[in-house]
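Each remark here refers to the structure printed beneath this line.
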Amino acid sequence: MSTPPNILVILTDQQTHSALSAHGSQYLHTPRMDSLVRSGLSFQNAYCASPVCGPSRGSLLSGRLPHRTGVEVNGPAVEPGITSMGQHFRQAGYRPCYAGKLHLGPNPRKGIEEAEGSQGFEFLCDEYPEGIPRQLGTDTDPVWTDHAVDFLQNQGPRDSGSDNPFLLVASLHNPHDICYWVMEWRHFVDVPSGIELPPLPANFQPVTDEPEFVGLCRNRTEYGPEMSWTHDWEETDWRKYLYVYNRLTERVDEQIGRLLGALEESGLVDDTLVVLTSDHGEGVAAHKWVTKLMLWEEVVRVPFVIRLPGAVPENRVDRTHLVSGVDLLPTLCDYANIAPPAGIDGQSIRPAIENPSLPGRSNLVTELQPFLDDETKKGRMIRTAHYKYIAFSHGQRPEMLFDLESDPGETDNLAYRPAYGEILSEHRQLLRQEVAKTADPFVLPV
């Protein structure tokens, strides 16, 4: 492409990697997201930088790991002085716009806002418009999509490359509503009696002798208390939960269809890079886990689909390369032909897209801080080609090691098996190196 492309980033909230029918799920139907998978490239090993909204979003928009943005828990804005996606693309001549959930600092208002938390974007609407309930994506997503669709419909084909390209982030809320359903807000999804419910996953049972840290998280009653609501659930409750999660994913798929339809009607498809991803995943009953704030595959692995006609292969699935949320910003910069911000932790995946034989990342790190009352209680995960190592800062049995090739459901913790001592040591050392490289305050338990 001789001129920089327009860019549309579609961000869902709490969508696990498997929550697309194109990824093999037979219990939900997501034709609009599936169309992106068919017309672009889907990465099978894409991970969030942190399994909770604010920290992950701070990383998506800055290319930095959470401990380097100042956003390790929900609530804060990215620290001043850190270049954001909106600021960087504005300086490069793009028109950066945002519609939907930001979840970083104060509620941004319509228009370009200089206040803390603005991230340099022009907001097409208030993050939470007056009269729209803050919590439910069922209510917010159609309104946010209205504004994004209106923006796209008013973008005509660029005149010989002279018009400034746009960067539009359409950040939708669902399937995040599952958090409230778990906490017994049941009115917004009907579960018909007699309907066939999804089965429990093969890895439904907790890991044998699970780390004490995980048990502490199961009993958390503040800051992500959803797990505490599941202690008396029976099998039917868990299966209803899976049914509802699938329906909420289908709701956000409808809004994504409206975005893609507006892009096509405006004649912009061939000139627009589209990326679909999510801030983090969802427990989906693996290890009897709901929602987020843990390092299970279902919680940290997310969809990552990229489409650019003529530049990105169609209907291709990449099962090899590792992708982190911090890679989004440098990848967009690469396709826009602008240098990425200095000091970021991410790297562009464009070389691996254009030449799949390139090795790409050798590992990636995901960060966890699940408690507000003790910032030393942390977890870290390092993912390599075949293995995943998890370390927690507190408690008995603080390590887990999984062979994701032979045990993708993470049912067999190898960390305390003598036969895997060498592999465990290698992964400990890899994590130590990453911690040192980024000045991460995490202290390994060994």
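Both backbone and side-chain heavy atoms feed into the values below; hydrogens, waters and symmetry mates do not.
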Checklist outcome for this item: Residues at least two apart in sequence or cross-chain that pass side chain to side chain contact (heavy atoms under 4.5 Å, CB included) with E265, listed by chain then number, are Q153

Checklist entry - In terms of ring plane angle, is the pair Y98 and F123 parallel, tilted or perpendicular, where the classes change at 30° and 60°? => result tilted

Next on the checklist: Run the salt bridge (Lys or Arg N to Asp or Glu O under 4.0 Å) test against K240 and tell me which residues pass, sequence neighbours left out.
Outcome noted: none

Next on the checklist: Test of understanding: with salt bridge (Lys or Arg N to Asp or Glu O under 4.0 Å), list the residues that count as partners of R428, not counting sequence neighbours.
Outcome noted: E399

Item to check | side chain to side chain contact (heavy atoms under 4.5 Å, CB included) involving N315 - partner list, sequence neighbours excluded | outcome: R38

Checklist entry - How would you list, by chain and number, every residue that makes a salt bridge (Lys or Arg N to Asp or Glu O under 4.0 Å) with K101, sequence neighbours excluded? => result D13

Checklist entry - side chain to side chain donor-acceptor pair (under 3.5 Å): which pairs involve residues 210-224, sequence neighbours left out? => result E210-R218

Checklist entry - Considering residues at least two apart in sequence or located in another chain, which fulfil the side chain to side chain donor-acceptor pair (under 3.5 Å) criterion with T12? => result Q15, S278

Checklist entry - Considering residues at least two apart in sequence or located in another chain, which fulfil the side chain to side chain contact (heavy atoms under 4.5 Å, CB included) criterion with P201? => result N203, F204, L242, A285

Item to check | Test salt bridge (Lys or Arg N to Asp or Glu O under 4.0 Å) applied to R64 - qualifying residues, sequence neighbours left out | outcome: none

Item to check | Set of residues satisfying ring-ring contact (aromatic ring centres under 6.0 Å, His included) with respect to H287, sequence neighbours excluded | outcome: W296

Could you go through residues 179-200 and list every donor-acceptor pair under 3.5 Å that involves a side-chain atom there, pairing it with any protein atom two or more places apart or in another chain?
unit_1 : atom_1 : unit_2 : atom_2 : d
R186   : NE     : W181   : O      : 2.6
R186   : NH2    : W181   : O      : 3.4

Item to check | Residue list, ring-ring contact (aromatic ring centres under 6.0 Å, His included) with H23, at least two apart or on another chain | outcome: H17

